[in-house]
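Okay, structure first, notes after.
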Amino acid sequence: MSEKRVPAEAFPIGCLILEEMAARGWNMAHFCEVSGFSLEQADAIIDGREALTDLTALVLGLTFHVSAQFWRSLDDRYAEWRRRQDAEP
């Protein structure tokens, strides 16, 4: 029987977005220019105030040259981790 593996810790997608921006030498203005997000929308995505939609995942995928599924999976893992953390006594 296989047991589902749960990460010890997970991070919101905003952390990875900021890491990817830093690795590319991008500031927020350049990220917005490349992605097409407004500054307000980019801030909300990075801060976790805006839910990751399929369109947002697609745009992030195109911006960073990875699949939209990559972003969906990260977001899903983080949401599952948060639920587990909230459920612990």
Side-chain angles (χ1 to χ4, degrees):
M1 176 162 64
S2 68
E3 188 175 317
K4 187 173 181 179
R5 299 173 85 185
V6 179
E9 187 172 7
F11 301 93
I13 63 168
C15 291
L16 183 58
I17 293 170
L18 292 174
E19 286 180 13
E20 290 296 320
M21 287 171 54
R24 290 168 168 76
W26 293 359
N27 61 21
M28 186 64 83
H30 187 76
F31 171 67
C32 291
E33 181 181 324
V34 172
S35 67
F37 293 130
S38 69
L39 180 58
E40 294 79 16
Q41 188 179 19
D43 278 338
I45 293 166
I46 291 169
D47 292 343
R49 291 179 282 117
E50 184 172 310
L52 183 71
T53 65
D54 289 339
L55 179 59
T56 302
L58 178 62
V59 172
L60 289 171
L62 293 170
T63 300
F64 294 116
H65 307 286
V66 295
S67 70
Q69 184 57 40
F70 171 81
W71 294 100
R72 296 299 291 162
S73 293
L74 285 177
D75 193 54
D76 290 347
R77 272 188 264 157
Y78 178 69
E80 179 180 352
W81 181 81
R82 287 295 317 161
R83 282 190 298 273
R84 288 178 183 270
Q85 294 299 306
D86 294 343
E88 287 184 4

Show your working on side-chain contact (heavy atoms from CB on, under 4.5 Å) between Ile46 and Met28 and close with a plain yes or no. CA-CA 10 Å; Ile46 291 169; Met28 186 64 83; 3.5 Å; yes
Within 45° of the six-membered ring axis of Trp81 and under 6.0 Å from that ring's centre, is NZ or CZ of Arg84 located there? no
Rounded to the nearest 0.5 Å, what's the gap from CG on Leu60 to OG1 on Thr63? Could you check? 6.0 Å
Between Arg72 and Asp54 (salt bridge meaning N to carboxylate O under 4.0 Å), is one present in this structure? yes
On a heavy-atom basis, the closest approach of Ala10 and Arg77 is CB-O, 4.2 Å
Nearest 0.5 Å, please: how far is CG in Leu74 from CD1 in Ile17? 9.5 Å
Relative to the ring of Phe64, is the ring of Trp71 parallel (under 30°), tilted (30 to 60°) or perpendicular (over 60°)? tilted
Say whether, by atom type as modelled, one donor and one acceptor occur between the side chain of Asp47 and the main chain of Arg49 under 3.5 angstrom. no
For the atom pair CG (Asp43) and CZ (Phe31), what is the distance rounded to the nearest 0.5 Å? 10.0 Å
Give, for atom OH of Tyr78 and atom CD of Gln85, the distance between the pair rounded to the nearest 0.5 Å. 9.5 Å
Measuring from Ile45:CD1 to Thr56:OG1, what's the distance to the nearest 0.5 Å? 4.5 Å
Looking at SG of Cys15 and CD of Glu20, how far apart are the two atoms once the value is rounded to the nearest 0.5 Å? 12.5 Å
Could you see if Phe11 belongs to whatever hydrophobic cluster contains Leu52? Use Ile, Leu, Val, Met, Phe, Trp, Tyr and a side-chain cutoff under 4.5 Å. no
Flag, side chain of Ser73 to backbone of Gln69, donor-acceptor distance under 3.5 Å: yes
How close do Val59 and Ser35 get, heavy atom to heavy atom, and via which atoms? CG1-O, 3.3 Å
